Amino acid sequence: MGAPASLSKPVHQLLRRDLHFKGVIITDDLATDAIKEYAKQTNQNVAVLAVEAGNDMLLTNDYRTDIPAIKQAVANGTISVHQLNQSVTRILRLKAKLGLIT
């Protein structure tokens, strides 16, 4: 079983555009074999693919590689600062709603 095209970008578009979902979208474990194989076949970083697809939070065990890859993707324009700002806003709203920040 392979990973969904673009790590579920069509699902994220459905959630945001069609269903007007405003909440946080969190990945499943990015270390699963199917996801790693998809990233390997496309020669891309799995975390970058996940952010590009529209995920706000990532479940990864390779943050030492993934954080620099995401920073590089922002620097080269693959991921927009606007998209990251939207994700951060959704995460902070959730944390505030849960009483984790005031």
Side-chain angles (χ1 to χ4, degrees):
M1 175 173 119
S6 300
L7 291 184
S8 301
K9 189 169 187 168
V11 172
H12 292 87
Q13 289 172 342
L14 173 74
L15 283 169
R16 298 282 187 219
R17 185 184 58 221
D18 299 342
L19 300 176
H20 308 288
F21 179 69
K22 305 269 189 243
V24 174
I25 299 174
I26 304 171
T27 67
D28 196 353
D29 183 6
L30 295 179
T32 63
D33 291 338
I35 300 293
K36 290 192 303 188
E37 184 60 31
Y38 178 78
K40 184 179 175 182
Q41 288 175 1
T42 61
N43 196 31
Q44 298 180 67
N45 176 275
V46 67
V48 171
L49 291 172
V51 172
E52 285 180 308
N55 291 286
D56 299 311
M57 295 178 73
L58 312 179
L59 298 179
T60 180
N61 62 358
D62 194 12
Y63 66 91
R64 287 187 177 102
T65 301
D66 294 341
I67 291 171
I70 292 169
K71 289 170 88 173
Q72 181 60 42
V74 172
N76 69 25
T78 302
I79 297 171
S80 73
V81 172
H82 177 72
Q83 180 183 352
L84 286 183
N85 286 340
Q86 288 179 317
S87 290
V88 169
T89 299
R90 284 189 287 268
I91 293 164
L92 291 175
R93 282 188 185 134
L94 177 60
K95 285 183 172 189
K97 181 178 176 182
L98 296 173
L100 299 175
I101 58 173
T102 56

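Because the structure is a prediction, the values reported are computed rather than measured. Index from 1, following the sequence.
- Grouped by direct or indirect side-chain proximity (heavy atoms under 4.5 Å, Ile/Leu/Val/Met/Phe/Trp/Tyr only), Leu19 sits with Val11, Leu14, Leu15, Phe21, Ile25.
- Listed by first and then second residue, the salt bridge (Lys or Arg N to Asp or Glu O under 4.0 Å) pairs that reach into residues 58-79 come to none, sequence neighbours excluded.
- When the side chains of ILVMFWY residues are joined at heavy-atom separations under 4.5 Å, either directly or via intervening members, Ile70 and Ile67 end up in two distinct hydrophobic clusters.
- Take His20 and apply the side-chain hydrogen bond (donor to acceptor under 3.5 Å, both in side chains) test, not counting sequence neighbours, and it matches no residue.
- Side-chain contacts under 4.5 Å among hydrophobic residues (ILVMFWY), followed directly or transitively, place Val88 together with Leu92, Ile101.
- The two residues Ala50 and Asn55 have their closest heavy-atom pair at O-ND2, 2.8 Å.
- A donor-acceptor contact shorter than 3.5 Å links the side chain of Asn45 to the backbone of Val48.
- Scored by the side-chain hydrogen bond (donor to acceptor under 3.5 Å, both in side chains) test, Gln86 finds His82 as partners (sequence neighbours excluded).
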Donor-acceptor pairs are to be reported for all side-chain atoms of residues 26-37 against protein atoms at under 3.5 Å, with residues two or more places apart or in another chain.
unit_1	atom_1	unit_2	atom_2	d
Thr27	OG1	Leu59	N	2.8
Asp29	OD1	Ala31	N	2.9
Glu37	OE2	Gln41	NE2	3.2

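- Not counting sequence neighbours, the partners of Asn76 by the side-chain hydrogen bond (donor to acceptor under 3.5 Å, both in side chains) test are Thr78.
- Sorted by first then second residue, the side chain to side chain donor-acceptor pair (under 3.5 Å) pairs that include residues 89-101, not counting sequence neighbours, are Asp56-Arg90.
- Using a 4.5 Å cut-off between side-chain heavy atoms of Ile, Leu, Val, Met, Phe, Trp and Tyr, with links allowed through other members, Val74 and Leu58 fall into the same hydrophobic cluster.
- Contacts classified as salt bridge (Lys or Arg N to Asp or Glu O under 4.0 Å) and involving residues 17-26 (residues at least two apart or in different chains) are not found.
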